[in-house]
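Some notes on the structure that comes next.
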Amino acid sequence: MPPERLIPWLALHLLPGIGPLTARRVVELSGDPLDAALNWSPSAWRELGVDGAKIVEKRPKLLDEIANEWEAAVRANVSILSRDDPDYPPLLAELPDAPLVLYVRGSLPAARVRVAMVGSRRSTFYGKFAAGRLAAGLAAVGVEIVSGGARGIDTLSHRGALDAGGTTVAVMGNGLGRVYPPENGSLFEKIAENGALVSEFPMEMASHPENFPQRNRLIAGLSAATVIVEAAGRSGSLITARFALEQGREVMAVPGRIDSEQSTGCHRLIQAGAKLVQSPEEILEELSPMYRNVLPQSEAAQVDDTPLTPDELAVLGLFAGHDEVHVDILADAAPFGIARLQAALFGLAVRRRIDPLQGGYYVARPRVPGHGPQER
């Protein structure tokens, strides 16, 4: 069986008909996801728009399914993160429809600047060239590339990052116990070794068309910005752009030939106000200083002069000198919940005020006179 703290979240996650927003509502109403999963009446579920009869039918096998899900994850070297886990990505935690449970194979550190690059599965030679070139250029300066693991632009974005010696994240539209598309199996192995494979779907869930729009919100949600490299007028990549805009993230688009159907979507985005980008440098220029200034450049360039937020100041005050502090201690001492703590730790890390260490520890960085954000 999984750790005791994870069982309630997996119980709710594995029930039929429970999406992220419904799950959040259940947690708010019950305070105990396991109690809701095992004891709520069918009428209580119907009030949330869920088929209560299917929930009741599932209950006798639920604990066995939780054990099987955990065992499948362990066999595949996959971590399962609940939304209250300190390792849960802070940018995702901000979303109202953040996944209740996230599956991760590989490494998904919080203090990492990420840019999403997505586009058409039926990409042209030009689109593949642009994706590989932009991804490699961004990866070379420390940006982690996020994409969807699909054929075409996604595949070339992942490969461009890896070829440049960088890291990349593939957000999958299926469970991590499956490989789709099958020809990308070796690529996914490299991504897991140099980044992460991520999914919100149970381990053995196959790819279904309805999974991909749901997956796209996570691609945008993990990233500071989304770049559409090549997209037709009805491309699913435009859904990712819409999610990015709704989440308050930057959206950029790569121009193409005016007679290319595969660039119609990009041109419409540019007409609607998306930034036209042609190089890694132009993408970097559009990033907030909070992200741009912490990439591996000169030490002076790594300083972010943006004032710390009240939450960041509160968390920074919990560090005694330069001693290592475990995230559990910070969670107990912080005057707010885990989601705000994660966001504050991320902000402090990208501003170079703290450094994340292995095992959930953080250490405060020495102050350099005349540098760094003003604490007001």
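Sequential numbering from 1 along the given sequence is applied to the chain's residues. Basis for what follows: all heavy atoms, side chains included, without hydrogens, waters or symmetry-related copies.
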Open item on the list: If you compare all heavy atoms of V229 against all heavy atoms of A130, which two are closest, and at what distance to 0.1 Å?
Closed with: CG1-CB, 4.0 Å
Open item on the list: Let's go through L287 and V115 carefully: what are the C-alpha distance in whole Å and the side-chain angles of both, what is the deciding distance for side-chain contact (heavy atoms from CB on, under 4.5 Å) to 0.1 Å, and is it a yes or a no?
Closed with: CA-CA 9 Å; L287 297 182; V115 169; 4.2 Å; yes
Open item on the list: One thing to verify: whether D85 and R5 come together as a salt bridge, which I'm taking to mean a side-chain N less than 4.0 angstrom from a carboxylate O.
Closed with: yes
Task: Same apolar cluster: V27 and L10, side chain cutoff 4.5 Å - done: yes
Task: Over all atoms of both residues, closest heavy-atom pair of A231 and L238 - done: CB-CD2, 4.2 Å
Open item on the list: Whether the side chain of E69 engages the backbone of M203 through a donor-acceptor N/O pair (distance < 3.5 Å, no angle test) should be reported.
Closed with: yes
Task: Heavy-atom pair of closest approach, residues G256 and Y126 - done: CA-CE2, 3.8 Å
- [ ] Please answer whether the main-chain N or O of L308 pairs with a side-chain N or O of E312 as donor and acceptor at a distance below 3.5 Å.
- [x] no
Task: Atom CD of E183: over 12 foreign heavy atoms under 6.0 Å - done: yes
Task: V179 side chain reached by N184 side chain, heavy atoms, under 4.5 Å - done: no
Open item on the list: So V78 and V104, do their side chains get closer than 4.5 Å, heavy atoms only?
Closed with: no
Task: CG on L269 to CG on L245, rounded to 0.5 Å - done: 8.0 Å
TODO: Evaluate the side-chain contact (heavy atoms from CB on, under 4.5 Å) criterion for residues L187 and L162: first the C-alpha distance (whole Å), next the side-chain angles of each, then the deciding distance (0.1 Å), finally the verdict.
DONE: CA-CA 9 Å; L187 173 63; L162 294 172; 3.7 Å; yes
Open item on the list: Which heavy atom of V118 sits nearest to which heavy atom of D154, and what is that distance?
Closed with: CA-OD1, 3.7 Å
TODO: Spell out, as yes or no, whether a donor-acceptor pair under 3.5 Å connects the side chain of H158 to the backbone of G149.
DONE: yes
- [ ] For P202 and L14, work out which heavy atoms get closest and say how close.
- [x] CG-CD2, 4.1 Å
Open item on the list: I'd like to know if the side chain of R114 and the backbone of V143 have a donor-acceptor N/O pair within less than 3.5 Å.
Closed with: no
Task: Steps toward side-chain contact (heavy atoms from CB on, under 4.5 Å) verdict (L276, Q278) - done: CA-CA 7 Å; L276 185 158; Q278 304 172 88; 3.6 Å; yes
Open item on the list: Rounded at 0.5 Å granularity, tell me how far CZ in R24 sits from CG in L100.
Closed with: 10.5 Å
Open item on the list: For a quick check under 3.5 Å, do D32 and S30 share a side-chain donor-acceptor pair by atom type?
Closed with: no
- [ ] Output yes when K54 and E57 qualify as a salt bridge under the 4.0 Å nitrogen-oxygen rule, no when they do not.
- [x] no
TODO: Answer yes or no for R151 and Y180: cation-pi contact, defined as NZ/CZ to six-membered ring centre under 6.0 Å and angle to ring axis within 45°.
DONE: yes
Open item on the list: Tell me if a side-chain donor or acceptor on S41 pairs with a main-chain N or O of A44 at a distance below 3.5 Å.
Closed with: yes
Open item on the list: Looking at S207, is its backbone amide N or carbonyl O close enough to the side chain of N211 to form a donor-acceptor pair, meaning the two atoms are under 3.5 Å apart?
Closed with: no
Task: Co-membership, hydrophobic cluster, residues V327 and Y88, 4.5 Å side-chain - done: no
TODO: Answer yes when E261 and R122 have at least one side-chain N-carboxylate O distance shorter than 4.0 Å, and no when they do not.
DONE: no
Task: Y291 and E286: CA distance, side-chain angles, deciding distance, side-chain hydrogen bond (donor to acceptor under 3.5 Å, both in side chains) verdict - done: CA-CA 10 Å; Y291 301 109; E286 289 301 302; over 6 Å; no
Task: Interatomic distance, Y362 atom OH to L348 atom CG [nearest 0.5 angstrom] - done: 10.0 Å
TODO: Decide, yes or no, whether a salt bridge links R217 with E246 under the criterion of side-chain N to carboxylate O below 4.0 Å.
DONE: no
Task: Heavy-atom side-chain contact between I7 and I66 under 4.5 Å - done: yes
Task: Between N174 and S199: side-chain donor-acceptor atoms closer than 3.5 Å - done: no
Task: I55 and W40, any side-chain heavy atoms less than 4.5 Å apart - done: no
Task: Which atom of A196 lies closest to which atom of S107, heavy atoms considered - done: CB-O, 3.5 Å
Open item on the list: Tell me whether E200 is salt-bridged to R83, with the criterion being a basic N under 4.0 Å from an acidic carboxylate O.
Closed with: no
Open item on the list: Nearest 0.5 Å, please: how far is CG in L138 from CD1 in I145?
Closed with: 4.5 Å
Task: Under 3.5 Å: donor-acceptor pair, side chain of H208, backbone of E210 - done: no
TODO: Apply side-chain contact (heavy atoms from CB on, under 4.5 Å) to the pair M172 and F201, showing each step before the final yes or no.
DONE: CA-CA 8 Å; M172 312 301 289; F201 301 109; over 6 Å; no
Task: NZ (K275) with more than 12 external heavy atoms under 6.0 Å - done: no
TODO: Would you check if the side chain of R249 reaches a backbone N or O of A220 as a donor-acceptor pair within less than 3.5 Å?
DONE: yes
Open item on the list: Could you see if L95 belongs to whatever hydrophobic cluster contains L91? Use Ile, Leu, Val, Met, Phe, Trp, Tyr and a side-chain cutoff under 4.5 Å.
Closed with: no
Open item on the list: Check E204 with R178, please: is the shortest side-chain N to carboxylate O separation under 4.0 Å?
Closed with: yes
Task: Flag if over 12 foreign heavy atoms under 6.0 Å of CZ, F336 - done: yes
- [ ] For R121 and I153, indicate whether the former's side chain and the latter's backbone hold a donor-acceptor pair under 3.5 Å.
- [x] no
Open item on the list: What I want to check is whether the side chains of T124 and E230 have a donor and an acceptor closer together than 3.5 Å.
Closed with: yes
Open item on the list: Within this structure, what is the CG-NZ distance for the pair D51 and K58, rounded to the nearest 0.5 Å?
Closed with: 13.0 Å
Open item on the list: Main chain of G119, side chain of S123: is a donor-acceptor contact present, judged purely on distance under 3.5 Å?
Closed with: no
